[in-house]
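Written below as structure tokens is the structure these notes are about.
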Amino acid sequence: MSLLFNQHTMRFLPFFLLVSWFLGAQSVPLPIIPLPQKVMLQSGNFQLNANTTMSFDLQQEQVAYAAEYLRKWIESYSGFSPALSRRGGNNNILLELSSDVKGQEAYRLKVSPSGISIQAWQPAGLFYGVQSLIQLFPVEKTSNPVIPVVEIVDEPSFAYRGLHLDVGRHYFPVEFVKSYIDMLARYKLNRFHWHLTEDQGWRIEIKKYPRLQEISAFRDETLIGHYNDQPQRYDGKRYGGYYTQAEVREIVAYARERFVTVIPEIEMPGHAQAAIAAYPELGCTDQKLKVATLWGVTDNVFCPNEATFTFLENVLKEVMELFPSTYIHIGGDECPKDQWKTNAVAQALIKKENLKDEHGLQSYFIRRIEKFLNQHGRQIIGWDEILEGGLAPNATVMSWRGEEGGIEAAKAGHPVIMTPTTYCYLDYYQSQHPDEPLAIGGNLPLEKVYGYHPIPEVLTAEQKKFILGVQGNQWTEYISTPAKAQYMTYPRMQAIAEIAWTPRELKNFNSFVQRLIPHMARWKSEGISFGNHLFDVKTSVMAGDGTGLKIKAENPAKRGEISYQLNGQTLPDRGNELSISKSGTYTAQTVYNGKPEGRAASVIIKTHLASGKKIKLSKQPSPSYPGSGDGSPINGVLGSSERYGDAEWLGFNGDDFEAVIDLGSVQTFKKMNFRFFNGPGQWIYVPKMVQVSWSNDGKTFSKPVSGNVVVPNGKIANTSLTLPKGKGRYLKVLVPNFGVIPAGQAGAGSKAWLFVDELVLE
Ligand code: ACM
């Protein structure tokens, strides 16, 4: 021991210090999100004080935006405002345009003990340098903040880095929209996709059409709870609001000062019921409509008549006056064609224009609007349905129903923005914890968002260039307050920002989590809500390989260790895995520095004849709903009766469930209980029947026994199948998928989902 302290060791002390500093720097990276391309951290600090000055070219408006942003920020942080200095020199923050730094949004930030400089080719780069600098300030506000000496050279991977907000389903106040844009700016996102019109509300003032403000901006009432809840109930309260043109201008200007382009979306031909309620001549039927109160997709869409085109062109003229963005989003998604099929005007137009069918008519509709916008120097973006029936010549495609639409568009030489539901829909659940507030459905934890890369490998190098970038979408059927919008958006939006900015090779989820922790502390001090699941334990009960049941537990931050309880009694076991031999309620909790951290996870395990045995599935579930693996249906755990995205439910899109369970030896059994999720609003249908047969050798099976499944009133279908004289080692289970979603339902014509959980064998 004493050797450690002899003189010999002392000689190496600086070396040890250096190594530990280096390791320290690695384990706690500088808290910049998105991670910059190159960070060269050196020793020493710059200390800001009341005498610190700023210099920049006042004459350049956009340079002044970046500098003003920083000045105001320092003022709110430290209590003093840096004075403008013409000469720069020591204790100065210099912002300057420089041709040395190439790239539209690139910057170089240098912090030295005597001053700070940010250089960029364009003002946007200066602004991003400012954002990185701000993130280097200690979280705790002080009048003399210390900033580490560092050089950062940085630029984004993608030119289009977007975040969307649906203000149609719920209206959000101007102040909130500004704060949302400010968060985009902080995390170097540069496109705000403002979804302004919906079936349930039209939110932008159009002077030529005052009934849009009087009628379309308000609905009679709002659905309580989830679409799938039965019976559906309403709150009976009139709801609505809209943004005046003055407010729109204010928001656009606010965004402009933050290098964010606001892209307005005016939905057509679907999601138009609110407009039709005010101007019935825009619709296809004589039915008197109200602004929609139920979520989902309605059949009431714009009729492709001249009244509609005149209306939309007039609306778009005012929209173009308000929004300088080259891109105008024209929607194009979820437009049922039922009304067009029986409408004389629509059918006559199909004939006159020699169109193939109603999809061709939708294409005609979009092409006509595109032509109008192109004539005014604008370009359209549409959701991927605009591919059906043929793409408009200059359209950019926003791929949301997976990546397929984006792939098809890129192959056809059209620009693409990736925003697939599986990775980019921030209205999905971010945790399966039972305390989570109501969400539309799905399962999109932070780490899954972070893992997304928006360039599909199937594209050639040439085609890949058409992927402009990536966007997170925030739909608000189930988000009625700013605080909940923040909770659902942050920090998953920051993961989107890192996907969009940081080169794929540099991405690292653990580093992201480390950097996120101080950001969360800052948001907390600013009163910004956010979802923090970094320390929550996630459990999955593993089964299916014949070796029994095991709990796997971890937290996304990978911090601390996991401790376990069984029925309230602490177990001696620690670590990420626990073997299970008996039924009971198991609880797993992160323990860090001797204290519990984050939320615990509890799981009720009830063993049965098949639990922990072997299972083989003929078809794999969708990668989006893999449960805890193939063994989920025989792991002794019942999936949530509210959510289908947890570690229990296996989801099959259009496919049947077919499995063979190997009990390891011949057993006798009496019945099998099945559990299915019922969620027509999410395209989830219970199967019509189930079937089981058994065998001693796994080759010759008994005559199958089958039973019908009754569609429940609620979300869970329980079915019990008696297995007369059941005896064997292998059981073959077949559950045919419901098939195609019937007309009149959400997702009509698409493949139904089948969600299967525990197969309890008794
Ligand atoms: C969409 O989510 N309907 C684009």
Side-chain angles (χ1 to χ4, degrees), residues 160 162-170 191-203 227 263-274 292 294-302 327-337 359 362 366 380-388 391 395-406 408-409 416-429 439-444 449 452 454 469-479 485 488-489 492-493 496 624 653 679-684 741 745-750 753:
Y160 186 110
L163 187 68
H164 148 289
L165 182 67
D166 165 17
V167 295
R169 273 53 176 266
H170 282 102
R191 299 288 186 279
F192 172 48
H193 172 173
W194 202 6
H195 184 81
L196 284 162
T197 69
E198 258 307 335
D199 296 309
Q200 297 85 3
W202 180 288
R203 306 269 175 246
Y227 179 99
I263 300 174
E265 180 179 356
I266 306 296
E267 269 269 18
M268 62 190 81
H271 291 287
Q273 187 167 323
L294 184 60
W295 313 130
V297 176
T298 99
D299 285 340
N300 301 308
V301 303
F302 282 131
Y327 272 138
I328 307 285
H329 201 304
I330 49 73
D333 62 319
E334 299 181 319
C335 177
K337 308 294 187 293
H359 292 297
Q362 160 140 345
I366 303 293
I380 67 163
I381 304 181
W383 299 108
D384 58 49
E385 284 94 330
I386 67 168
L387 282 151
E388 293 162 8
L391 205 46
T396 293
V397 171
M398 205 166 249
S399 191
W400 72 281
R401 297 175 302 173
E403 292 188 315
E404 291 75 14
E408 190 184 331
V416 171
I417 296 145
M418 284 297 186
T419 178
T421 54
T422 318
Y423 298 99
C424 298
Y425 269 42
L426 309 183
D427 58 336
Y428 281 18
Y429 281 106
I440 194 163
N443 179 33
L444 185 49
V449 180
Y452 182 56
V470 59
Q471 175 172 293
N473 290 340
Q474 195 53 279
W475 300 99
T476 60
E477 287 94 332
Y478 302 100
I479 300 175
M488 295 300 285
T489 308
R492 288 185 292 181
M493 171 268 244
I496 296 276
S624 301
N653 190 9
Q682 281 75 43
W683 310 12
I684 302 169
I741 298 173
Q745 303 296 321
S750 299
W753 284 85

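Order of appearance sets the numbers: ligands from 1, and atoms from 1 within every ligand. For reference, positions follow the sequence shown, starting with 1.
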When you check ligand 1 against the protein, what N or O pairs turn up below 3.5 Å? List the atom names and distances, or just say none.
unit_1   : atom_1 : unit_2 : atom_2 : d
ligand 1 : 2 (O)  : Y425   : OH     : 2.6
ligand 1 : 3 (N)  : D333   : OD2    : 2.6
ligand 1 : 3 (N)  : E334   : OE1    : 3.3

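A perpendicular orientation is assigned to the rings of W475 and H195, their planes being inclined by more than 60° (bins at 30° and 60°).
A donor atom on one side chain and an acceptor atom on the other are found under 3.5 Å apart for Y452 and E403.
In this structure Y478 satisfies the side chain to side chain donor-acceptor pair (under 3.5 Å) test with no other residue, sequence neighbours excluded.
Partner Q273 forms a side-chain hydrogen bond (donor to acceptor under 3.5 Å, both in side chains) with one of D199, T298, D299 and no other, that one being T298.
With H170 contributing its side chain and I479 its backbone, the two residues share a donor-acceptor pair below 3.5 Å.
Counting heavy atoms from C-beta on, the side chains of I330 and I266 never come closer than 4.5 Å.
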